[in-house]
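Below is one structure, written out as structure tokens; comments come after it.
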Amino acid sequence: MQQTATKTLEVLAPSEAPENPAYIRFLRYHFWYGAAQALHGIDLDIPEKRVTALIGPSGCGKSTLLRNINRMNDLIDGVRHTGDLILGAHSVYDPSVEVIGLRKRVGMVFQKSNPFPKSIYENVIFALRMAGRTDRRLLDETVEKSLRDAALWDEVKDRLHESALGLSGGQQQRLCIARAVANRPEVLLMDEPCSALDPIATGKVEELMHELKKNYTIVIVTHNMQQAARVSDFTAFFYLGRLVEFNPTATIFLNPSQKRTEDYISGRFG
Amino acid sequence: MSEHPPPSTGSPGEAWVWFAGLGLVTGLAMVLGLLAVITWNGLGVFWPKDILKVDFKEGSAAGIGGAPALLGELIKTQERKMGQAPGQPLPMEWQVFTGNKDRYGQMFKYFDAAEIASHSKPAGVARVERLEYGPALGFPRSLNQDDGGVLPATDATFEKKLREAISGQRALRRDLRRVEKNEIGAVNARIESLRLKAKRLERNPGDPAKRAEIQRKIDAAQTEYEALSARAREIRGRKSGARLVLALGTGEESEVPVGQIVDTWRPNDMNAAQKTGHFLAAIGSYIVDEPREANTEGGVFPAIFGTFVMTLLMSLAVMPFGVVAAIYLREYAHQGSFVRGVRIAVNNLAGVPSIVYGVFGLGFFVYVIGGSLDRLFFADRLPSPTFGTGGLLWAALTLALMTVPVVIVSTEEALAAVSRGVREGALACGASKWQTIRSVVLPAAAPGMLTGLILAMARGAGEVAPLMIVGVVKLAPELPIDGLFPFIHLERKFMHLGFHIYDLGFQSPDSEAAKPMVFATTLLLIALVVALNAGAILLRNRLRKKLATGAF
Ligand SMILES: Nc1ncnc2c1ncn2[C@@H]1O[C@H](COP(=O)(O)OP(=O)(O)O)[C@@H](O)[C@H]1O
Ligand SMILES: [Mg+2]
């Protein structure tokens with residue numbers, strides 16, 4: 001694991017600025033839950049096909065930021081925002097963007113694994129089923145490819161039609177990842193995907209992210225500094241709803257520009 | 001808690017644990033006691049009781065019509081409370097079942113134990129179940145044949161001949177019933193519908209050829225009807241005039257036409273195994289037979305069937321309504337004060353007395369909806385109502401209305417228990433709200449909804465009061481489901497076990513004779529409710545297992 005982190009650092013060290021074009025862009029973005037403001041004027045460019053880690057103490061707004069990218073927060077009564085959030089070429093709030101279509105482009109993996117009470121097979125193709133796809137061959141291919149993507153295929157290929165609830169915690173989380181990538185989304189959002197996993201399962205999910213970033217833009221929330229260092233190319237540090245620092249991960253961990261970032265990373269608070 | 005300081009000894013609150021435990025024990029004891037009493041009394045009806053011969057003391061006037069002896073089954077002994085000077089000890093009296101209502105005018109006899117000289121269990125005494133007048137008790141003397149031949153009871157073939165004669169007549173009754181009820185009934189229904197068609201044609205005179213055609217069909221049906229009546233007459237003509245002669249306990253003889261005999265047995269001569277066999281057979285025929293003699297004799301099959309069909313229909317009606325309402329309330333409605341108000345109203349509806357629903361069912365379903373249906377679709381039959389009177393459908397809907405709060409409440413709870421994580425997972429996959437509900441939330445909530453159905457059935461199946469005004473009758477001539485098109489007759493009146501109990505216990509001409517049947521029917525009602533619930537629970541467990549194995 002340590003090796004991987006070092007490698008990442010070496011690769012990224014020479015260039016300090018994001019070399020990839022911004023794929024997700026927050027512009028002067030403020031967000032409120034009713035009267036309580038959760039995000040204050042965020043300006044953030046998340047690069048394409050890279051892993052971006054969001055770190056910061058609990059309650060600083062990481063999940064809120066993440067959940068706005070696929071507009072999951074729309075489900076909550078009384079939310080409100082100003083500023084803009086652009087995904088690819090369009091604002092996610094553009095009247096021409098349908099929430100359902102948006103969510104098909106943005107896969108999401110939750111902190112607590114949430115497989116549906118269905119078979120492994122049905123879990124993986126859930127998004128396709130919802131889109132009305134019935135072509136058997138396509139479904140079969142998707143299941144295999146997604147499960148391979150999630151490094152789960154070898155473990156479950158003989159029990160695809162058994163309940164997903166019979167899998168171990170780590171397998172369930174990887175199944176949720178397979179489910180999230182089954183629809184070939186452009187972006188993969190992960191909110192503390194490893195917080196309930198043991199180290200071995202965590203290692204597998206981390207390896208997975210390395211593979212997945214070839215095709216997907218990944219945003220991951222984590223409380224684990226080592227994990228952020230190991231898996232991410234860029235890191236954003238939040239504090240009290242504000243973006244304190246956004247830089248390549250190597251810079252954040254070796255040479256942070258903000259005192260607060262350094263304090264947080266070295267464990268002096270939070 | 002401040003008003004009830006915990007006792008000073010032991011850990012605080014320990015007394016309350018004991019108190020709560022005591023409450024549970026009391027509740028359990030009450031339930032078990034109730035079940036035990038009903039089971040004991042209900043099953044006791046079917047056990048063949050020994051028949052006693054009681055000889056009275058010389059010169060005693062306690063016997064029936066002054067007779068020196070009688071035959072009867074001992075019902076109970078008790079202290080006589082009436083006709084005694086104050087201060088004197090209360091004398092014991094016996095209550096015996098003597099049967100032979102046609103002879104004695106009543107079936108029970110009370111007399112003072114002091115009047116008894118001796119009593120015994122004589123061999124050979126028979127109990128004869130009859131179609132009318134209840135059972136007869138006596139010593140079989142002879143079988144008097146149609147042709148004047150007399151077969152004495154001492155003959156070796158007597159028992160066999162008697163059984164043959166009884167079963168021959170039983171088969172005859174069955175044939176007659178089939179012809180009269182099913183075949184003639186079907187022809188009658190056809191004639192009736194043809195008549196209605198003719199009547200319609202008369203009102204807007206059209207094609208005379210069509211009218212002639214219908215008339216021709218009516219005539220054909222009429223001929224068929226006549227042929228069937230002739231057959232029925234012919235079968236009736238085959239009824240034997242043979243009579244079983246009994247020597248009664250009071251000395252005289254009584255003749256019972258064999259055609260009237262349902263069954264006969266000699267309890268004093270039976271061993272335990274034979275009694276058990278008789279007991280089981282009696283329970284069986286109680287379940288599958290039709291009632292006789294103002295419901296106090298025979299079986300209760302139509303009532304079982306009516307209760308079952310009504311409860312199923314109620315479930316079919318209540319589930320969609322309740323589930324849809326709960327989905328709207330929990331998933332779609334804005335959770336404001338209005339929805340809170342609706343919830344409170346729904347909860348209160350569950351507490352409204354059931355008779356109120358009955359009155360509503362009568363006023364709304366029967367008069368308003370049923371009346372309109374009659375005017376729209378069954379105008380030809382007016383003024384006799386089709387749907388404009390109580391019937392199976394209205395009863396089921398009334399009970400569905402009564403139980404819908406139960407289903408709404410438990411469905412809402414089941415929906416609320418589906419984790420937010422799973423819902424968000426589905427939405428994040430690009431499912432619409434309805435898709436999420438349908439494919440993830442509802443399957444997960446299905447067991448909870450079935451719990452609601454179980455509660456609804458438990459409440460609905462045992463309800464009597466509202467049914468009495470929306471369609472239950474003491475004796476329904478036809479079952480609500482039969483072989484006549486359209487097979488399920490939602491407009492028909494039906495019998496119901498709960499009402500049957502009420503009718504037996506409170507409306508029966510001979511309440512003493514009906515009392516054991518009240519218990520037997522109650523036991524059956526409990527068994528039916530338990531069976532229906534067990535069915536639903538089984539279904540729920542299968543769903544749970546499916547859910548766990550992801551077979552959805
Ligand atoms: N559904 C909600 N309703 C109201 N306030 C919320 C809701 N979710 C989060 N918040 C608030 O928004 C702030 C940011 O929360 P969150 O984004 O979950 O933080 P993090 O994920 O960084 O721990 C917190 O103060 C939290 O209390
Ligand atoms: Mg969070």
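Each chain gets a letter, A, B and so on, in the order the sequences are listed, and its residues count up from 1. Any value given below was found using the heavy atoms of this structure, including those in side chains, with hydrogens, waters and symmetry copies removed.
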Atom group of Leu75(A) that falls short of 4.5 Å from chain B, counting heavy atoms:
side chain

With a cut-off of 6.0 Å (strictly less than), are more than 12 heavy atoms of other residues, nucleotides or ligands near CD of Glu98(A)?
no

Leading residue by heavy atom contact count with chain B [cutoff under 4.5 Å; candidates Asn114(A), Ile120(A), Leu128(A)]:
Asn114(A)

More than 12 heavy atoms of other residues, nucleotides or ligands under 6.0 Å from CZ of Phe305(B): yes or no?
yes

So with a 6.0 Å cut-off around CZ of Phe321(B), is the heavy-atom count from everything else above 12?
no

Contact check, side chains of Asp77(A) and His334(B), non-hydrogen atoms, under 4.5 Å
yes

Heavy-atom cut-off 4.5 Å, strictly under: side chain, backbone, both or neither for Val106(A) against chain B?
backbone

Residue pair Arg67(A) / Glu424(B), side-chain heavy-atom distance below 4.5 Å
yes

Is it true that atom CZ of Arg540(B) has more than 12 heavy atoms of other residues, nucleotides or ligands lying nearer than 6.0 Å?
yes

Which atoms form the tightest heavy-atom contact between Met72(A) and Leu427(B), and what is the distance?
CE-CB, 4.2 Å

Heavy-atom closest pair (Ala428(B) atom, Met108(A) atom, distance to 0.1 Å) is CB-CB, 3.9 Å

Side-chain touch Arg129(A)/Ser439(B), heavy atoms, less than 4.5 angstrom:
no

Non-hydrogen atoms of Gly425(B) and Phe110(A) that approach each other most closely
CA-CE1, 3.7 Å

Does the pair Cys429(B) and Arg179(A) meet the rule for a side-chain contact (heavy atoms from CB on, under 4.5 Å), with working shown?
CA-CA 8 Å; Cys429(B) 283; Arg179(A) 187 175 75 192; 3.8 Å; yes

Can you list the steps and then say if Met130(A) with Thr436(B) is a side-chain contact (heavy atoms from CB on, under 4.5 Å)?
CA-CA 9 Å; Met130(A) 293 302 111; Thr436(B) 303; over 6 Å; no

Distance-minimising heavy-atom pair for Val422(B) and Phe116(A)
O-CE2, 3.4 Å

Greater than 12 external heavy atoms within 6.0 Å of Arg133(A)'s CZ
no

Do other residues, nucleotides or ligands put more than 12 heavy atoms under 6.0 Å from the NZ atom of Lys433(B)?
yes

